[in-house]
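Start at 1 with the first residue, then count along the sequence.
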Amino acid sequence: MKTVKICLNSIDKVKSFVNDITKFETDFDLVSGRYVIDAKSIMGIFSLDLSKSIDLNIHAEDGTEHILEVLAPYIVE
């Protein structure tokens, strides 16, 4: 599992993020405080506090390099 910090501070960013990660078979979780939600769920994402960065857990054994390339516009730090 790989964890990165992402920022989804607009509705358009959330929509494009979900469109990007649904192309992968891998499971993704967003962690904000004590809440863990499926990152492929738009409704779940909007239930989080999007004003600050969120941890994205990528549950993939290999191939994370390609996933990180696709997610580069959202990754912070």
Side-chain angles (χ1 to χ4, degrees):
M1 181 176 81
K2 173 107 173 120
T3 302
V4 294
K5 285 208 175 294
I6 62 167
C7 183
L8 300 172
N9 55 5
S10 73
I11 293 171
D12 291 332
K13 255 189 164 177
V14 171
K15 289 194 296 190
S16 62
F17 171 77
V18 172
N19 284 337
D20 287 344
I21 66 168
T22 52
K23 297 173 186 168
F24 298 105
E25 293 292 321
T26 306
D27 288 331
F28 297 89
D29 291 328
L30 287 172
V31 181
S32 178
R34 61 188 178 115
Y35 299 104
V36 178
I37 59 119
D38 181 1
K40 295 181 180 180
S41 165
I42 289 180
M43 293 301 289
I45 293 173
F46 283 123
S47 71
L48 299 175
D49 179 9
L50 299 177
S51 65
K52 50 191 171 195
S53 62
I54 304 167
D55 288 336
L56 173 68
N57 293 336
I58 305 167
H59 300 279
E61 295 301 317
D62 48 283
T64 55
E65 298 82 21
H66 177 63
I67 294 172
L68 293 176
E69 286 174 18
V70 172
L71 299 180
Y74 315 103
I75 297 175
V76 293
E77 286 183 47

Worksheet entry | Remaining members of hydrophobic cluster (4.5 Å side-chain criterion), Val31 | Val36
Worksheet item: Atom CD1 in Ile67, atom OG1 in Thr26: separation rounded to 0.5 Å?
Response: 4.0 Å
Worksheet entry | Atom pair CZ/CD1 of Phe28 and Ile37 - distance to nearest 0.5 Å | 13.0 Å
Discussion item. For Asn9 versus Lys13, what's the shortest heavy-atom pair and its separation?
Written reply: OD1-CD, 3.4 Å
Fill in: Qualifying ring pair (Phe, Tyr, Trp, His ring centres under 6.0 Å) pairs with a residue from residues 34-54, counting only residues at least two apart or across chains
none
Discussion item. Using a 4.5 Å cut-off between side-chain heavy atoms of Ile, Leu, Val, Met, Phe, Trp and Tyr, which other residues end up in the same hydrophobic cluster as Val76?
Written reply: none
Worksheet item: Can you list every side-chain hydrogen bond (donor to acceptor under 3.5 Å, both in side chains) pair that touches residues 53-76, not counting sequence neighbours?
Response: Thr3-Asn57, Lys5-Asp55, Ser16-Tyr74, Asp20-Tyr74, Asp29-His59
Worksheet item: What pairs meet the side-chain hydrogen bond (donor to acceptor under 3.5 Å, both in side chains) rule with one or both residues in residues 38-48, with sequence neighbours excluded?
Response: none
Worksheet item: Does a sphere of radius 6.0 Å around CD1 in Ile11 hold more than 12 heavy atoms from other residues, nucleotides or ligands, not counting ones at 6.0 Å or beyond?
Response: no
Discussion item. My understanding is that only residues two or more places apart in sequence, or in another chain, count here; which of them pass side chain to side chain contact (heavy atoms under 4.5 Å, CB included) with Ser51?
Written reply: Asp49
Discussion item. Can you give me the closest heavy-atom contact between Ala39 and Val18, atom names plus distance?
Written reply: O-CG2, 3.9 Å
Item to complete: Determine whether Leu71 and Phe24 make a side-chain contact, defined as any pair of heavy atoms from C-beta on separated by less than 4.5 Å.
Response: no
Response to the item:
CG (Leu50) and CG (Leu8) are apart, to the nearest 0.5 Å, by 6.5 Å
Fill in: Inter-residue atom distance Ile54.CD1 - Leu48.CG, 0.5 Å rounding
5.0 Å
Fill in: Any Ile75 side-chain heavy atom under 4.5 Å of Leu56 side chain
no
Fill in: Flag side-chain contact, heavy atom, 4.5 Å: Lys2 against Leu68
yes
